[in-house]
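In what follows, a single structure is set out as structure tokens and then discussed.
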Amino acid sequence: MISFFSKLALKNTEKPPEIVQSAYMDKSASLQELGYKDDNDLRETIYDFLRTIRDPEKPSTLEDLKVVYEEGIFVKEPTEDKVPVLRVEYNPTVPHCSLATLIGLCIRIKIQRSLHHPVKLDIYIKKGAHTTEDEINKQINDKERIAAAMENPNLRNLVETCIADEG
Amino acid sequence: MAKLELLQSLSGHKGIVWNVSWHPLGKIFASCGEDKIIKLWGKEGESWSTKTVLVDGHQRTIREVSWSPCGNFIASASFDGTTAVWDKKSGQFECNATLEGHENEVKSVAWSPSGQLLATCGRDKSVWVWEVAGEDEYVCEAVLNVHNQDVKKVAWHPSSDILASASYDNTVKMYKEDQSDNDWTCVATLQSHESTVWSLTFDKSGKRLATCSDDRTVKIWQEFGPDNQEGVNLEDRESIWKCVCTLSGYHTRCIYDITWCTSTGLIATACGDDIIRVFKETDDSDPNAPTFDLIHTKLNAHSQDVNCVKWNPSGNQELVSCSDNGEVKIWKFTEQ
């Protein structure tokens with residue numbers, strides 16, 4: 001017999017979050033026109049967004065724990081449409097860290113919310129830094145899984161708490 | 001020179017527009033997405049506008065909409081774990097049936113060519129086949145648990161009740177009903193992609209299938225049936241599907257969708273590099289080792305990822321596409 005019982009909890013007690021749209025979507029703009037001096041300036045800007053993300057468990061930031069680091073941000077060859085491509089590597093504190101996926105999600109959402117121009121993001125765990133890195137890498141770069149995760153109220157709250165601005 | 005000319009840019013959705021689906025006659029289409037609504041678009045004179053908005057069917061993102069072959073029903077698959085079936089018995093589209101059973105996000109829904117069967121799939125790794133059992137009544141015929149990851153897309157063969165599914169486990173599976181015991185079983189596994197297979201489309205004959213993947217390639221698969229001329233050996237007289245062509249080096253990001261035009265034979269792709277590409281089989285193509293040319297690259301087709309592309313089923317060379325920023329666009333393809 002097939003169960004028709006749905007395991008999804010769908011209590012809509014909270015007001016649905018507003019959908020955030022980027023303010024500036026002109027793709028013909030060069031890095032300079034977007035306000036960056038060069039690749040390095042873009043890297044530093046991205047790092048500034050990431051360093052203040054709070055660890056989901058510890059009372060520290062990802063910078064304090066060296067989960068994110070400036071050398072882990074790479075500006076890659078832009079797309080044919082000249083959209084900047086960024087690769088962000090991060091280093092979970094322990095190789096079996098159960099929150100590695102959540103940290104990857106926080107990194108992606110923080111960058112997407114902070115930048116006001118198009119960018120293509122590839123987020124990876126530092127090679128060899130996690131026992132299930134291939135699995136996690138695949139998940140945190142799948143836009144459908146990310147979109148669904150952000151509609152899960154519990155996960156969304158966790159992400160919001162980690163990426164909220166100080167104060 | 002081939003070109004893809006923008007006929008109209010349609011706004012109205014908020015956030016990600018995940019999917020678009022043509023009415024079988026190609027005069028109306030539906031779109032859906034993150035804003036949990038379904039919009040029906042129709043043409044008035046030369047311009048397209050919203051005809052109807054279907055609301056309150058789902059509590060989370062609507063991932064896919066599918067128009068029934070008769071045009072009287074729309075099925076919608078949602079991240080809320082349900083599939084809704086809308087009909088217009090009352091004169092306007094209303095949701096009169098909700099199919100429950102998937103444990104979490106439903107990612108795709110498709111009507112069989114007869115309109116008697118519906119297939120759904122989701123993150124719970126399963127593919128479900130539903131039968132239309134009567135007015136507003138749908139009965140689950142089979143739950144197929146053969147993928148070992150998230151199932152991204154289901155599509156029916158154009159003329160028989162053969163179902164194909166694409167998965168995060170990098171494979172495509174095919175299923176059909178065993179006539180002796182009415183059991184649905186997996187009859188083929190198509191293995192060659194190196195990452196998630198996001199979408200798939202049969203050609204007009206149903207002898208070929210095109211798939212697209214996060215591995216940035218498109219693959220063309222061909223059916224070798226019983227007594228095939230090529231001498232391909234089969235077990236149990238069951239058809240096998242072989243990859244006969246791989247299109248690599250064209251796409252620079254994940255390919256989210258693919259559509260095979262039933263009248264022109266052209267293939268269009270939706271890519272995470274914001275570009276729509278059109279491929280055509282070459283004139284001297286070998287039937288068993290076909291070759292395809294990239295005949296058009298529409299740079300900057302959208303401001304963000306192209307999530308879906310669909311050729312108009314009427315064969316008028318119109319293409320509809322959608323993207324992340326609420327964008328839906330109608331294009332006209334011409335080849336001189």
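Chain letters run A, B, ... following the sequence lines, proteins first and then strands; every chain starts at 1.
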Are the side chains of [X] and [Y] in touch, meaning some heavy atoms are under 4.5 Å apart?
X      : Y      : answer
B/K152 : A/D142 : yes
A/D81  : B/D273 : no
A/V83  : B/Q304 : no
B/D324 : A/K143 : yes

Worksheet item: In terms of heavy-atom proximity below 4.5 Å to chain B, should A/K82 be classed as side chain, backbone, both, or neither?
Response: neither
Worksheet item: So what's closer than 4.5 Å to chain B heavy atoms on A/E144: side chain, backbone, both or neither?
Response: both
Discussion item. My understanding is that only residues two or more places apart in sequence, or in another chain, count here; which of them pass ring pair (Phe, Tyr, Trp, His ring centres under 6.0 Å) with B/W331?
Written reply: none
Worksheet, complete the sentence: The ring pair (Phe, Tyr, Trp, His ring centres under 6.0 Å) partners of B/F279 (sequence neighbours excluded) come to B/Y250, B/H251
Contact part of [X] toward chain A, heavy-atom cut-off under 4.5 Å: side chain, backbone, both or neither?
X      : result
B/D124 : neither
B/Y256 : side chain
B/T297 : side chain

Worksheet item: Residue by residue, which of residues 130-141 of chain A have a heavy atom closer than 4.5 Å to a heavy atom belonging to chain B?
Response: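 Counting heavy atoms that sit under 4.5 Å from chain B, the residues of residues 130-141 of chain A involved are A/E135, A/K138, A/Q139.
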Discussion item. Using the side chain to side chain donor-acceptor pair (under 3.5 Å) criterion, which residues pair with A/E70? Sequence neighbours excluded.
Written reply: none
Atom [atom1] of [X]: over 12 foreign heavy atoms under 6.0 Å:
X      : atom1 : answer
B/Q191 : CD    : no
B/D56  : CG    : no
A/E77  : CD    : no

Indicate the atoms forming the closest heavy-atom contact of [X] with [Y], along with that distance.
X      : Y      : result
B/E105 : A/A148 : OE1-CB, 3.2 Å
A/L121 : B/R253 : O-NH2, 3.6 Å
B/S303 : A/P118 : O-CB, 4.4 Å

Discussion item. Applying side chain to side chain contact (heavy atoms under 4.5 Å, CB included) to B/D305 and A/K120, what does each step give before you reach the verdict?
Written reply: CA-CA 9 Å; B/D305 296 352; A/K120 300 294 178 185; 2.6 Å; yes
Discussion item. Can a side-chain donor-acceptor contact be found between B/T61 and A/E151 if the only test is distance below 3.5 angstrom?
Written reply: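 Short answer, yes.
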Worksheet entry | Inter-residue atom distance A/R145.CZ - B/D150.CG, 0.5 Å rounding |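 Output value for this atom pair is 4.5 Å.
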